[in-house]
Asks: 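Quick one: the structure is below, and I'll ask about it shortly.
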Amino acid sequence: MPSKKALVRRPASSLAEGLVTHVERGEVDVDLAVRQWEAYTDALRAHGWETVEVDPADDCPDSVFVEDTVVMFRNVALIARSGAESRRAETLGVEEAVASLGCSVNWVWEPGTLDGGDVLKIGDTVYVGRGGRTDAAGVQQVRAAFEPLGARVVAVPVAKVLHLKSAVTALPDGTAVGYVPHMDAPSLFPRFLPVPEPSGAHVVCLGGDKLLMAASAPRTAELYADLGYEPVPVDIGEFEKLEGCVTCLSVRLRDLYA
Ligand SMILES: NC(=O)NCCC[C@H](N)C(=O)O
């Protein structure tokens with residue numbers, strides 16, 4: 001039976017010092033961010049996900065964005081090596097967490113770089129954004145780790161946003177959803193639905209027809225509802241100030257053996 005565990009990591013007390021690359025820095029209210037994170041994790045649990053907390057890392061401002069530290073394919077965890085040097089220490093607690101859940105653990109090796117936010121899985125196809133945080137060697141290492149397990153790895157140029165998944169994710173039926181002005185190569189996705197708002201492109205499939213998404217994309221929520229989905233909006237405004245989105249606040253583990 002597929003597991004429904006999701007790794008999450010409580011915001012660091014230093015969250016406000018998180019990196020910003022493509023947006024202007026805005027003041028982050030850490031207490032509000034903690035309340036938004038709690039509501040986000042509540043929403044996961046309310047939809048049947050068991051949240052597994054990685055130990056907090058108060059000296060790693062961006063550690064709440066746990067998705068960037070590890071990529072899962074079946075029960076294999078590929079520990080990332082961020083293109084942002086200040087984020088590399090985040091992997092320590094994550095390695096321990098995935099190993100204790102019984103995952104087989106692999107690593108992206110120097111000089112390759114990879115952020116988990118650049119990896120979008122649709123079925124057995126693994127799209128890897130090659131951009132500011134993930135380089136060609138990182139893409140090659142994803143191929144080496146996952147193609148022997150049956151994955152097909154497709155490299156996608158990313159120049160306009162932080163990560164591939166800042167611009168495109170996927171619905172439960174495998175349709176890619178993206179905000180076209182932020183995409184460099186929409187034609188790489190065979191079944192593609194454009195959405196009207198940048199944060200509308202970020203969905204976490206909770207199971208069934210339910211889509212966790214940011215409250216900042218009401219028009220896209222209407223579009224999804226009109227297609228028979230049930231949007232579950234959460235306010236993640238404090239994380240959006242740091243270029244975070246709903247996908248990057250958790251890692252869902254669906255194929256554990258344990
Ligand atoms: N996967 C994601 O979308 N991660 C967001 C990371 C935001 C963080 N401030 C960073 O620049 O690394």
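These figures come from a predicted structure and were not determined experimentally. Below, each value reflects all heavy atoms present in this structure, side chains not excepted, and no hydrogens, waters or symmetry copies. First listed ligand is number 1; within each ligand, the first listed atom is number 1.
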Asks: Is a donor on one side and an acceptor on the other found under 3.5 Å between the side chain of Arg152 and the backbone of Thr125?
Replies: no
Asks: List every atom of ligand 1 that sits less than 4.0 Å from any heavy atom of His163, numbering the atoms from 1 in the order shown and giving each element.
Replies: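 That gives atoms 1 (N), 2 (C), 3 (O), 4 (N) of ligand 1.
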Asks: Any atoms of ligand 1 less than 4.0 Å from a non-hydrogen atom of Leu162? List them with their elements.
Replies: 6 (C), 7 (C), 10 (C), 11 (O)
Asks: Does the pair Asp124 and Arg74 meet the rule for a salt bridge (Lys or Arg N to Asp or Glu O under 4.0 Å), with working shown?
Replies: CA-CA 10 Å; Asp124 284 344; Arg74 308 205 194 291; 3.4 Å; yes
Asks: Would Lys165 count as a contact residue for ligand 1, given that I'm defining contact as a non-hydrogen atom of the residue lying under 4.0 Å from a ligand atom?
Replies: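 It does not, in that no heavy atom of Lys165 comes within the 4.0 Å cut-off of ligand 1.
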Asks: With Trp37, which of Asp42, Ile236, Val64, Leu32 fulfils side-chain contact (heavy atoms from CB on, under 4.5 Å)?
Replies: Val64
Asks: Is any side-chain heavy atom of Pro157 closer than 4.5 Å to a side-chain heavy atom of Leu188?
Replies: yes
Asks: So for ligand 1, is Leu19 a polar contact partner (N or O within less than 3.5 Å, distance only)?
Replies: yes
Asks: For atom 8 (C) of ligand 1, which protein heavy atom lies nearest, and how many Å away is it?
Replies: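 Answer for atom 8 (C) of ligand 1: Asp62 OD1, 3.2 Å.
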Asks: Judged by non-hydrogen atoms, does Ala84 sit under 4.0 Å from ligand 1?
Replies: no
Asks: If we set the cut-off at 4.0 Å for heavy atoms, which region of Asp68 has an atom near ligand 1: side chain, backbone, both, or neither?
Replies: side chain
Asks: If you measure every N/O of Leu242 against every N/O of ligand 1, is any gap under 3.5 Å?
Replies: yes
Asks: Specify the protein heavy atom at minimum distance from atom 2 (C) of ligand 1: its residue, its atom name, and the distance to 0.1 Å.
Replies: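 Closest protein heavy atom to atom 2 (C) of ligand 1: Cys248 CB, 3.1 Å.
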Asks: Aromatic rings Tyr179 and His182: how do their planes relate, parallel, tilted or perpendicular, breaks at 30° and 60°?
Replies: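 Perpendicular, since the angle between the ring planes exceeds 60°.
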Asks: Looking only at distances, please establish whether an N/O atom of ligand 1 is found under 3.5 Å from an N/O atom of Ser166.
Replies: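 No, no N or O pair falls under 3.5 Å.
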Asks: With heavy-atom distances below 4.0 Å as the criterion, list the atoms of ligand 1 near Cys245.
Replies: 3 (O)
Asks: Name all residues meeting the side-chain contact (heavy atoms from CB on, under 4.5 Å) criterion together with Pro196; count only those two or more places apart in sequence or in a different chain, and write none if there are none.
Replies: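 Pro196 satisfies side-chain contact (heavy atoms from CB on, under 4.5 Å) with Arg219, Thr220, Leu223 once adjacent residues are dropped.
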Asks: In ligand 1, which numbered atoms sit nearer than 4.0 Å to a non-hydrogen atom of Gly117?
Replies: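 Numbered from 1, ligand 1 contributes 1 (N).
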Asks: What is the closest protein heavy atom to atom 5 (C) of ligand 1, and at what distance does it sit?
Replies: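 Looking only at protein heavy atoms, the one closest to atom 5 (C) of ligand 1 is Glu243 O, 3.4 Å.
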Asks: Determine which pairs satisfy ring-ring contact (aromatic ring centres under 6.0 Å, His included) with at least one residue from residues 200-251, sequence neighbours left out, and list them in order.
Replies: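 Output for this query is empty, none listed.
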Asks: With a 4.5 Å heavy-atom cut-off, do Glu90 and Ser82 have their side chains touching?
Replies: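 A side-chain contact is absent here, since even the closest heavy-atom pair is not under 4.5 Å.
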Asks: List ligand 1 atoms under 4.0 Å from Arg133, heavy atoms only on the residue side.
Replies: 10 (C), 11 (O), 12 (O)
Asks: For ligand 1, is any non-hydrogen atom under 4.0 Å from Val20's backbone (N, CA, C, O), its side chain (CB onward), both, or neither?
Replies: neither
